[in-house]
Number of protein chains: 4
Amino acid sequence: MRTTKERILEIALELFNEKGCLNTSTRHIAEKLGISIGNLYYHFKNKESILIEIFNEYIEVVFKKIKELDYEKDEIFLLKQFLADSIEADIKYRFLHLELNLLVMNFPAFKKIMEQHLHFELETIKGLVRHQIKYGYITSMSELELDIFVSNSWIIATQNASYWNLLSEDFIENSKKAALNIYFLVKPYLTQKSFENDDIKDIENFLGSII
Amino acid sequence: MRTTKERILEIALELFNEKGCLNTSTRHIAEKLGISIGNLYYHFKNKESILIEIFNEYIEVVFKKIKELDYEKDEIFLLKQFLADSIEADIKYRFLHLELNLLVMNFPAFKKIMEQHLHFELETIKGLVRHQIKYGYITSMSELELDIFVSNSWIIATQNASYWNLLSEDFIENSKKAALNIYFLVKPYLTQKSFENDDIKDIENFLGSII
Amino acid sequence: MRTTKERILEIALELFNEKGCLNTSTRHIAEKLGISIGNLYYHFKNKESILIEIFNEYIEVVFKKIKELDYEKDEIFLLKQFLADSIEADIKYRFLHLELNLLVMNFPAFKKIMEQHLHFELETIKGLVRHQIKYGYITSMSELELDIFVSNSWIIATQNASYWNLLSEDFIENSKKAALNIYFLVKPYLTQKSFENDDIKDIENFLGSII
Amino acid sequence: MRTTKERILEIALELFNEKGCLNTSTRHIAEKLGISIGNLYYHFKNKESILIEIFNEYIEVVFKKIKELDYEKDEIFLLKQFLADSIEADIKYRFLHLELNLLVMNFPAFKKIMEQHLHFELETIKGLVRHQIKYGYITSMSELELDIFVSNSWIIATQNASYWNLLSEDFIENSKKAALNIYFLVKPYLTQKSFENDDIKDIENFLGSII
DNA sequence: GATGAATGAGCGTTCATTCAT
DNA sequence: AATGAATGAACGCTCATTCAT
């Protein structure tokens with residue numbers, strides 16, 4: 001049995017994804033859940049803290065599997081995992097990317113946490129890419145190029161859903177395209193070794209099936 | 001001497017970029033401009049029509065120079081132009097990309113215009129890329145790859161400012177980085193012929209100066 | 001060629017009948033007419049004076065034909081005329097009766113004129129009825145009964161359109177029923193002499209054709 | 001102790017009768033009641049729902065006593081009851097009739113309910129008149145005449161207050177006259193049996209005292 | 001005669017949040 | 001834990017009217 005707090009977060013996420021966090025009132029969350037507005041404020045001191053708690057969930061999902069990997073030591077091809085994990089989270093918490101800049105403007109505490117997380121996430125991705133370069137999966141590049149490659153990856157990973165949603169309302173179809181965006185962004189940097197890796201073949205097969 | 005209508009658009013754009021369109025009230029625009037709220041509504045029938053008029057300006061800026069090019073016939077290297085124009089507009093009207101998805105949710109008439117424009121813009125970019133491929137500036141690619149390349153370009157061009165703003169408030173510095181994002185996205189697809197072109201040398205010099 | 005002032009009155013009446021005077025803005029009148037709002041206020045010092053001028057037209061129409069009758073001297077059967085004239089005016093200026101009480105509340109100058117007119121109209125109707133009694137078309141009645149008979153007649157004549165419009169939007173059909181309401185209200189008071197009058201036969205034929 | 005909701009309805013009715021529903025702002029209601037505007041909207045989702053709730057009260061008052069009568073079986077003289085009940089409600093909720101047509105124009109949900117109620121009310125009155133005819137209190141008449149008689153009765157019952165208010169502001173005096181309007185409207189249709197009924201004598205006595 | 005920019009009070013409504021119970 | 005009444009600032013917008021040109 002879920003606690004009330006958990007159910008609030010669940011419903012809030014649902015509504016945020018549907019209409020945006022800024023378009024969702026606390027009263028609406030409480031009503032949809034069938035609890036009083038007073039009870040909602042008993043569990044969360046304000047709307048921002050609901051947002052922050054959801055954001056913490058998001059962070060956890062993003063890094064859960066990646067953290068498990070001891071990629072510093074092992075020679076593993078991480079692209080597939082990265083693709084799968086990031087897309088999953090970015091779909092589940094898609095409202096975050098739809099209105100991230102406004103959220104940061106409106107919720108100062110959220111802004112702080114968001115910034116901390118972003119720095120950490122970017123460092124993690126950079127570390128991951130460096131690892132892949134070291135083991136020859138990705139071509140080597142300058143520090144500047146790495147910075148830009150990572151920023152482009154982050155932007156594409158988080159924003160492509162917004163893009164496709166502008167073009168079509170077929171949500172399922174759109175989310176599939178996310179994989180293509182990331183794959184083709186990364187592809188020019190893949191080495192021969194990568195293309196010989198079974199994971200890449202899996203990915204290419206999967207992407208082939210989308211088209 | 002500017003007309004009141006122009007001044008409203010000017011101040012509105014300023015405030016939209018500062019705090020977001022959704023966070024800017026019509027009363028606030030009027031107050032900052034020193035006119036009555038009634039006067040604002042004399043010039044614009046509602047907030048959405050202010051947004052739409054600003055969006056139409058944006059469209060014009062985006063396409064003004066590109067439209068002038070008779071690129072179907074001439075063999076010209078367009079990347080530099082494209083970089084310059086799109087970045088200029090995307091900075092000047094940056095609020096648009098910061099909250100595009102929410103704007104589309106909240107303003108149905110804007111949504112329609114936005115969608116029409118987006119289709120047209122993407123086709124234009126595709127045509128431009130095909131032209132560059134034809135004249136050997138960009139490596140040839142499949143139709144799918146072209147689609148994804150264009151979508152990635154659009155996403156990076158419109159969203160990179162949001163990204164950098166999350167990391168730093170140095171607005172000038174951030175806007176410079178936009179060029180890097182697009183350049184490195186495109187770079188893997190440039191041919192030898194491109195690298196011999198003087199424009200590319202200009203770009204590389206410019207980018208070098210940023211770092 | 002109509003003067004601007006006349007055209008304002010014309011369009012105002014049209015809009016008042018369509019949506020009510022209180023739901024019609026002065027701007028709307030000017031726009032529909034294709035003149036500036038300033039020009040409208042050049043011709044009328046305020047909205048109330050438009051209303052009053054229209055009301056004066058109404059009064060004129062109501063009494064034009066009745067005034068022509070020298071009914072004090074002639075033995076004439078006036079019911080038919082009264083039916084025809086009052087219904088015609090009450091249809092043409094139907095907005096007046098739809099919102100008379102609110103108009104009186106909102107427009108003090110109109111209120112005064114309205115009250116004066118109402119007293120005069122009621123006295124006229126009373127005189128008319130007394131004349132019909134004197135010449136044996138209508139059964140004699142006490143002064144109280146006469147008062148009430150006249151008030152009922154006025155209420156039915158002015159309000160029946162509102163009633164039928166609540167039940168159906170077929171405006172033409174509804175206006176026909178007005179005649180029935182008045183006829184059946186008066187009928188119990190008609191004498192044998194009335195029923196032998198050709199006018200009554202005309203009326204009965206006309207009413208028969210409605211059903 | 002009245003609930004806030006009840007007090008809102010109470011004050012709203014008071015203000016509506018005083019100045020008209022359309023001339024009464026929600027803010028005005030809240031202020032007169034000494035509550036915040038937010039609280040008013042906590043209890044009613046919009047102004048229309050206040051109007052509708054008041055209208056439902058009106059319906060209840062109109063039909064409360066009439067519904068209790070098992071007039072299909074008993075031979076009873078209903079005129080007195082009808083007079084008393086309808087006048088009481090039409091005075092208490094007099095704003096309704098002062099601006100009914102505008103209310104219907106401005107409040108679509110109210111319009112629907114109003115129309116349903118009107119049809120039901122008219123059928124009820126018709127049934128009541130048919131019963132009185134059956135038991136010999138009212139002279140028999142054709143179906144058409146019945147329709148018109150009922151429509152005239154409804155118009156007089158609901159509109160006579162508006163009429164008298166145009167002539168005088170003595171509210172109490174005016175409301176007494178309502179009874180006269182209805183009585184004299186009905187009188188021509190009363191049979192000898194009616195005039196022998198004690199209720200009629202009561203009415204005549206009451207009316208006599210008014211004059 | 002005519003234009004149209006400008007005013008500002010007011011309207012219906014929403015919303016995050018508080019607090020006594 | 002939970003209820004739900006209450007607050008009040010703010011929002012988008014309308015309207016009759018004025019006035020310089």
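Note on naming: letters A, B, ... go to the chains in the order of the sequence lines (proteins, then strands), and numbering restarts at 1 for each one.
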Asks: To the nearest Å, give me how far apart CG (B/Asn23) and P (F/dG12) are.
Replies: 10 Å
Asks: Please collect all salt bridge (Lys or Arg N to Asp or Glu O under 4.0 Å) contacts where either partner lies in residues 19-31 of chain A, sequence neighbours excluded, each pair once.
Replies: none
Asks: Strictly below 4.0 Å, heavy-atom distances to any atom of DNA chain E: list the hits from residues 46-55 of chain D, or just say none.
Replies: D/Asn46, D/Lys47
Asks: Can you give me the closest heavy-atom contact between C/Leu13 and C/Lys92, atom names plus distance?
Replies: CD1-O, 3.7 Å
Asks: Specify the separation, in whole Å, of atom NZ of D/Lys45 and atom P of F/dG4.
Replies: 19 Å
Asks: So what does A/Thr3 hit on the nucleic acid, given a heavy-atom distance under 4.0 Å: a base, only sugar-phosphate, or nothing?
Replies: nothing
Asks: How close or far is atom C1' of E/dG1 from atom CD of C/Glu6, stated in whole angstroms?
Replies: 15 Å
Asks: Where do C/Leu51 and C/Leu96 come nearest, in terms of heavy atoms and distance?
Replies: CD1-CD2, 4.5 Å
Asks: Can you name the nearest heavy-atom pair linking C/His97 to C/Ser162, along with the distance?
Replies: O-OG, 4.3 Å
Asks: Expressed in angstrom and rounded to an integer, what is the separation of D/Phe107 atom CZ from E/dT13 atom C1'?
Replies: 13 Å
Asks: Report, one line per pair, each donor and acceptor closer than 3.5 Å where one atom sits in a side chain of residues 34-45 of chain C; sequence neighbours left out.
Replies:
from    : atom 1 : to      : atom 2 : distance (Å)
C/Ser36 : OG     : C/Asn39 : N      : 3.0
C/Asn39 : OD1    : C/His43 : NE2    : 3.4

Asks: Please give the distance between the C1' atoms of E/dG1 and F/dT21 as a whole number of Å.
Replies: 13 Å
Asks: Give a yes or no on whether a salt bridge exists between A/Lys5 and A/Glu53, defined as a side-chain N under 4.0 angstrom from a carboxylate O.
Replies: yes
Asks: Measure OH/C/Tyr41 against C1'/F/dT21 and give the value in whole Å, please.
Replies: 20 Å
Asks: Can a salt bridge be assigned to the pair D/Glu14 and D/Lys32 using a cut-off of 4.0 Å between side-chain N and carboxylate O?
Replies: yes
Asks: If I take atom CZ in residue A/Phe44 and atom P in nucleotide E/dT18, what distance separates them, rounded to the nearest angstrom?
Replies: 16 Å
Asks: Decide whether A/Asn101 and B/Asn165 meet the rule of one side-chain donor and one side-chain acceptor closer than 3.5 Å.
Replies: no
Asks: Which nucleotide sits closest to the side chain of C/Ser25: F/dT17, F/dC15, F/dG12?
Replies: F/dC15
Asks: Which atom pairs, donor and acceptor, lie under 3.5 Å between side-chain atoms of residues 108-115 of chain A and protein residues at least two apart or in another chain?
Replies:
from     : atom 1 : to       : atom 2 : distance (Å)
A/Lys111 : NZ     : B/Glu169 : OE2    : 2.8

Asks: Given the rule in the side-chain hydrogen bond (donor to acceptor under 3.5 Å, both in side chains) test, do D/Tyr93 and D/Asn17 qualify, once you have shown the distances and angles that lead to the verdict?
Replies: CA-CA 7 Å; D/Tyr93 300 90; D/Asn17 279 330; over 6 Å; no
Asks: Polar atoms only, N or O, under 3.5 Å: list the protein pairs with nucleotides 2-6 of chain E and their distances.
Replies:
from  : atom 1 : to      : atom 2 : distance (Å)
E/dA2 : OP2    : C/Thr4  : OG1    : 3.1
E/dA2 : OP2    : C/His43 : NE2    : 3.0
E/dA2 : O5'    : C/Asn39 : ND2    : 3.2
E/dT3 : OP2    : C/Ser36 : N      : 3.0
E/dT3 : OP2    : C/Ser36 : OG     : 3.2
E/dT3 : OP2    : C/Asn39 : ND2    : 3.3
E/dG4 : O3'    : B/Tyr42 : OH     : 2.6
E/dG4 : N7     : C/Gly38 : N      : 3.2
E/dA5 : OP2    : B/Tyr42 : OH     : 2.2
E/dA6 : OP1    : B/Thr4  : OG1    : 2.9
E/dA6 : OP2    : B/Thr4  : OG1    : 3.0
E/dA6 : OP2    : B/Asn39 : OD1    : 3.2
E/dA6 : OP2    : B/Asn39 : ND2    : 2.9
E/dA6 : OP2    : B/His43 : NE2    : 2.9
E/dA6 : O5'    : B/Asn39 : ND2    : 2.8

Asks: Is there side-chain contact between B/Glu99 and A/Glu99, with at least one heavy-atom pair below 4.5 Å?
Replies: no
Asks: Give DNA chain E the dot-bracket treatment, 5' to 3': Watson-Crick (N1-N3 with N6-O4 or O6-N4) or G-U (N1-O2, O6-N3) under 3.5 Å, [ ] crossing, | other strand.
Replies: .||||||||||||||||||||
Asks: Which whole-number value in Å describes the distance from D/Glu31 CD to E/dG12 P?
Replies: 12 Å
